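The next block holds one structure in the form of structure tokens; read it before the comments.
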Amino acid sequence: MNNPFYISGIIPEPYFCDREKETQNIVDTLMNQGDVLLTSARRMGKTQLIRHIFEQASIKEKYYTFYIDIYATSDLGEMVFLMGKEIFKTLVPKGRRALKYFWENVRSISAGFSIDPISGKPRFDLKLGEIYTPELTLEEICQYLESAGKPCIFAIDEFQQITRYRQTNTEALLRSCVQKMSNCRFIFSGSDRHILEQMFSSYSKPFYNSAKAVYLDRIEKEAYLRFVIGNFSENGKSISEDAVSYCYDLFEGYTYYMQKTFHELFPQISAGAAATKESVDGTIRGIIDEGSHAFSELTAQLSIAQKGLLCAIAQAGKARSVTSGSFVKANALTSPSSVQKSLATLLDLQLISYQLTPGGKEYFVADKFMERWLKETY
Ligand SMILES: Nc1ncnc2c1ncn2[C@@H]1O[C@H](COP(=O)(O)OP(=O)(O)O)[C@@H](O)[C@H]1O
Ligand SMILES: [Mg+2]
């Protein structure tokens, strides 16, 4: 029996929950020649939504679609490398002609293409270090996209990363390429809402006002309840509304943690049986136990000060004014300045995250399973 709760890979249509309005909105914007800025908290479903959009018949028939995630990249060369590789990968199944046209146009890296003498299959074995002229290659790629056989949609995920690139002019450079294109639409997406909004809503920034902002909130509770209950019942199992609602509230509707829980719970319930709130709790217990080794490895790298702050934030759930004297004192931390330093490290390591509220920045542990583990362990 297939598990209807997907936590990785491409989610087949019937197992993709909701997001109808967002899908329609983004498809309409793209077809209307607009670019999109898609933001949300981590693990809410941006990447899956982009994939889902690319699977829509109206998009699939009309466009070539490309997707890269630049989270791990540190300069323009790497980004350009991923773009080249993605275009190659997408074009391979479209046939030799499409591919040939691509590599004839991207001259600066055409040495990376070859035909495998034995299998006859096209190969792209460019090395990262062989992107000698990233700016030129970027320009060539954009020119290619502009003249490809079909209109294109290019999604760049974790886009905030470009603000960390060595080349400080990347934003301006990319913007000027994007601006010249009429055959290619872009989806920029990422979890760092603060940085992305600054990039797209400050008058002085190259990307100012250049994309339609879509914020992806949690899936509505009603819709998620129906989705989970339906998936159980279609497979001859059942789950109480109470149990699903409990899980939703516990994880505040964050998609990944709920999907992970039901992904694990589903096979544990035999046909004809019913899952309850207690079964949900048992499953979460199991997930935390299984993760505990990884969680302790992560915390083992931290200094006492960093660990202290992480635990204080876990205990608070959502922590405000963490550098105030009262927070420092209440949690037996050393000093506001040491908290300030630890905060930067924890944010950098993505162990914590924050949201802006009218009362200031509100910090929380990024992984909700880890948050529970910390609360229980320390
Ligand atoms: N609409 C959806 N229906 C079912 N599962 C989803 C949906 N959106 C996201 N997920 C699941 O939630 C998790 C996080 O999604 P992802 O797209 O990677 O989040 P993000 O890119 O925002 O960090 C994944 O495990 C994914 O399978
Ligand atoms: Mg993602």
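Since the structure is predicted, the reported quantities are computational estimates derived from the model, not experimental observations. Read the numbers this way: they start at 1 and go in the same order the structure lists the ligands and their atoms. Numbers here simply count residues along the sequence, with the first being 1.
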The single option from Phe54, Phe154, Phe102 that satisfies ring pair (Phe, Tyr, Trp, His ring centres under 6.0 Å) with Phe66 is Phe154
For residues Gln24 and Glu22, is any side-chain donor paired with an opposing acceptor at under 3.5 Å? no
Glu362/Lys318 salt bridge by N-O under 4.0 Å criterion: no
Nearest protein heavy-atom contact for atom 22 (O) of ligand 1: which residue, which atom, what distance? Lys46 NZ, 2.7 Å
Is atom CZ of Arg285 surrounded by more than 12 heavy atoms (other residues, nucleotides or ligands) closer than 6.0 Å? yes
Closest candidate by heavy atom, reference atom 19 (O) of ligand 1, pool Gly45, Ser40, Cys17: Gly45
Would you check if the distance from the ring center of Phe207 to the ring center of Phe186 is below 6.0 Å? no
In this structure, does ligand 1 have an atom that sits under 4.0 Å from one of the heavy atoms of Asp18? no
Can you establish whether the number of heavy atoms outside Gln268 located under 6.0 Å from its atom CD is more than 12? yes
Quick one: look up the protein heavy atom nearest atom 18 (O) of ligand 1 and list residue, atom name and how far away it is. Thr47 CB, 4.0 Å
If we only count N/O pairs under 3.5 Å, is Arg43 in contact with ligand 1? yes
Is the Mg ion (ligand 2) under 2.8 Å from any N, O or S atom of Thr47? yes
The single option from Leu82, Thr47, Ile156 passing side chain to side chain contact (heavy atoms under 4.5 Å, CB included) against Tyr67: Thr47
Any idea which part of Phe16 is under 4.0 Å from ligand 1, heavy-atom wise: side chain, backbone, both or neither? both
With a 4.0 Å cut-off, would you call Asp18 and Arg226 a salt bridge? no
Give yes if a backbone or side-chain nitrogen or oxygen of Tyr6 is under 3.5 Å from a nitrogen or oxygen of ligand 1, and no if not. yes
In the protein, what heavy atom is nearest to atom 26 (C) of ligand 1, and what distance, to one decimal place, separates them? Gln48 CG, 3.6 Å
Looking at Lys100, I'd like to know if its NZ atom is crowded, meaning that more than 12 non-hydrogen atoms belonging to other residues, nucleotides or ligands lie closer than 6.0 Å. no
Atom 10 (N) of ligand 1: closest protein heavy atom, distance to 0.1 Å, is Thr255 CG2, 3.5 Å
Is the closest N or O pair between Arg42 and ligand 1 shorter than 3.5 Å? no
Answer with yes or no whether Phe5 contacts ligand 1, where contact means a heavy atom under 4.0 Å from a ligand atom. no
Side chain or backbone of Asp157 under 4.0 Å from ligand 1, or both, or neither, by non-hydrogen atoms? neither
Tell me yes or no: between the side chains of Thr299 and Ser296, is some donor less than 3.5 Å from an acceptor? no
Counting both backbone and side chain atoms, is some N or O of Ser191 under 3.5 Å from an N or O of ligand 1? no
Heavy atom of the protein closest to atom 24 (C) of ligand 1 (residue, atom name, distance): Ile7 O, 3.9 Å
Atoms in ligand 1 with a heavy atom of Gln259 nearer than 4.0 Å: 4 (C), 5 (N)
